[in-house]
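The block underneath contains the structure these notes are about, expressed in structure tokens.
We use all heavy atoms of the structure for the numbers below, so side chains are in, but hydrogens, waters and symmetry mates are not.
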Amino acid sequence: MRHKHVAVLAATGLLLTAGCGGTPGNDKAPAPEAPATSSSPTAKRASYDPPHAFSRTDAVTLPKEAKAAASSLSGGGTSTVALHKTLAYVAGPVSLTAIDASTGETLRTARPGHPVLGADSEFQFENDVPAHPVISSGNTPLVAQAFLTEVPASGTTPARRLAEVVTMKADTGTPSDVIQIELPKWAQEKILEPEAAVVGSEGALAVVTVRTAKYEDHAVSYAIDLTHGTILWKKEVLATSLSGGSVVAIDRPGSSERQRALALNLTDGTTRWTAGLDGYQTRATAVGPRLIYVAGRDYEDGSRFAHLLDSRTGTTRTVFKDGYAGADCAYDAKSVVVCSGTLSEESASGFDATTGKLLWQLPDEDANRVAPEVTAVWHDLLYGTTDAGPVLLDARTGKDVEGSPAIAPLVVNGYTGIAEDHDRGGLVAYRAAG
């Protein structure tokens with residue numbers, strides 16, 4: 001684990017410390033925990049792109065910190081688990097843990113440098129910001145998780161809160177760094193209970209959002225360089241995700257306020273566009289590198305709206321019917337966006353991830369087909385369930401794919417599917433088998 005000196009960026013006046021904490025000028029984060037011993041390295045496993053089946057043999061129960069999100073359509077986005085090759089990363093209340101998804105062995109655990117605030121509270125933002133590990137791209141990918149911590153009081157120096165971003169090397173699970181961010185005055189108020197989350201990353205850059213919705217509504221977002229431990233910019237907005245070099249955000253955090261979705265340039269924080277949709281209870285999230293899903297209620301008459309916007313310009317690509325204001329949308333990391341679940345009946349639709357063009361939709365009464373409850377989409381394959389059990393659909397056509405995957409994964413990659421197992425009482429990792 002690297003230890004850095006305090007770095008002040010003159011251009012922005014933002015302060016960030018990496019590997020430091022405690023009393024100003026005398027802070028030092030503890031070294032990461034030593035790796036767990038292992039009798040043998042992880043066996044080589046076959047990868048399937050995408051997997052059509054999973055083996056129930058030797059399934060691995062994940063730690064209790066591994067949780068499914070309230071959303072049914074996560075696809076690896078809103079679970080507290082992220083997959084990288086054969087490793088599973090679990091975001092816990094006080095630590096980030098690397099687990100061998102083949103054996104269930106805990107490989108390494110990384111913690112922030114100070115005690116975590118609210119470690120016993122529910123570990124997830126409501127609706128806006130997922131509490132999950134984020135994996136960066138590049139030759140040396142990193143796994144990042146944010147924590148809201150408190151530096152203890154010392155002498156006449158009062159306690160203060162920080163946002164700490166813990167990173168691990170994605171390929172090995174080796175703890176890499178602890179990046180500490182000084183927070184604004186409102187975040188120091190004891191009556192407020194702020195939360196912190198890494199909401200997305202592109203390359204070595206990531207965005208961290210700190211917000212509170214108890215008693216008062218506040219939000220602040222930071223763009224950070226995970227490799228060098230520096231802050232690029234800070235904005236008083238509620239950032240939710242990243243899309244094609246843009247930070248997707250909502251201008252005001254209060255759900256009853258007049259809100260607009262906007263996009264900021266990831267590298268410098270300048271505003272690229274502001275959507276012309278005045279609403280409240282607004283949701284805005286990236287669904288791939290070219291599209292953003294924005295939904296809410298019209299500020300004037302309270303009617304629901306839901307749009308797919310071009311992430312580069314903010315122009316509308318698709319306008320959904322009223323029911324889709326309650327939908328969840330996810331990108332399959334290749335070519336399709338799937339939206340599922342409405343305020344009325346179960347439904348699912350596929351859209352071209354570049355143009356936003358509708359490709360298919362279910363249910364289809366003429367064809368006597370129902371919509372599945374979608375759990376994940378990955379590389380042109382849709383995973384879900386119907387009354388018949390786990391099912392597969394071609395994500396580009398919506399047509400049934402023969403065979404049963406045995407499970408309906410919430411998180412999936414070429415090696416592993418993570419699904420709920422009510423008999424075991426949690427999330428379970430299943431090996432991809434075809």
Side-chain angles (χ1 to χ4, degrees), residues 73 75 77 127-130 134 137 199-207 209 219 221-223 232-253 257-300 303-322 324-325 327-339 349-361 377 395-396:
L73 180 54
N127 301 320
D128 298 313
V129 182
V134 169
S137 57
V199 300
S201 70
E202 289 187 7
L205 305 185
V207 173
T209 288
S221 299
Y222 303 84
L232 304 181
W233 50 262
K234 165 190 171 184
K235 292 283 185 179
E236 296 280 341
V237 297
L238 177 63
T240 66
S241 49
L242 274 65
S243 176
S246 293
V247 178
V248 182
I250 297 171
D251 59 354
R252 295 183 178 90
E257 296 184 81
R258 183 188 293 267
Q259 299 171 312
R260 283 190 174 187
L262 68 155
L264 308 175
N265 189 303
L266 175 59
T267 58
D268 61 16
T270 56
T271 300
R272 286 187 166 179
W273 52 261
T274 300
L277 299 169
D278 283 337
Y280 63 97
Q281 297 179 1
T282 302
R283 300 164 55 203
T285 186
V287 284
R290 299 289 292 274
L291 297 175
I292 295 171
Y293 176 72
V294 179
R297 288 183 176 273
D298 185 273
Y299 194 79
E300 299 300 331
S303 61
R304 297 182 182 275
F305 64 83
H307 295 216
L308 283 179
L309 306 183
D310 187 308
S311 64
R312 300 166 301 174
T313 64
T315 55
T316 296
R317 291 291 189 182
T318 299
V319 178
F320 294 100
K321 294 181 180 179
D322 180 76
Y324 266 95
D328 294 300
C329 297
Y331 174 53
D332 77 336
K334 186 176 182 181
S335 66
V336 180
V337 170
V338 172
C339 295
S349 299
F351 301 86
D352 184 274
T354 299
T355 66
K357 179 183 177 181
L358 177 66
L359 301 175
W360 57 268
Q361 59 184 5
V377 289
R396 286 207 63 84

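Evaluated for a side chain to side chain donor-acceptor pair (under 3.5 Å) with Arg317, the options Asp352, Thr355, Asp310 yield exactly one hit, Asp310. The only member of Thr267, Val207, Leu266 that meets side chain to side chain contact (heavy atoms under 4.5 Å, CB included) when paired with Glu202 is Leu266.
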(request) Run the numbers on Val336 and Val377 for side-chain contact (heavy atoms from CB on, under 4.5 Å), then give the verdict. (result) CA-CA 9 Å; Val336 180; Val377 289; over 6 Å; no
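For the 3.5 Å distance criterion, the side chains of Thr274 and Arg260 fail to qualify, holding no donor opposite an acceptor.
Between Phe320 and Ser349 there is no side-chain heavy-atom pair separated by less than 4.5 Å. Side-chain contact between Val338 and Asp332 is absent, with no heavy atoms from C-beta onward closer than 4.5 Å. Residues Leu238 and Thr209 form a side-chain contact, since some pair of their non-hydrogen atoms from C-beta on lies under 4.5 Å apart. Proximity of Leu358 to Thr318: side-chain heavy atoms (C-beta onward) are nowhere separated by under 4.5 Å. In this structure the side chain of Trp233 never reaches within 4.5 angstrom of the side chain of Thr270, judged on heavy atoms.
Side chain of Ser221 to main chain of Val237: a donor-acceptor pair is present (N/O by atom type, distance under 3.5 Å, no hydrogens or angles).
For the atom pair Leu309 CG and Leu277 CG, the distance stands at 6.5 Å (nearest 0.5 Å). Between Ile250 atom CD1 and Arg283 atom CZ the span is 9.5 Å, to the nearest 0.5 Å. A distance of 10.5 Å separates CZ in Arg297 from CZ in Phe305, rounded to the nearest 0.5 Å.
The salt bridge (Lys or Arg N to Asp or Glu O under 4.0 Å) search around Asp251 returns none, not counting sequence neighbours.
Taking the ring centroids of Phe351 and Tyr293, they lie at or beyond the 6.0 Å cut-off.
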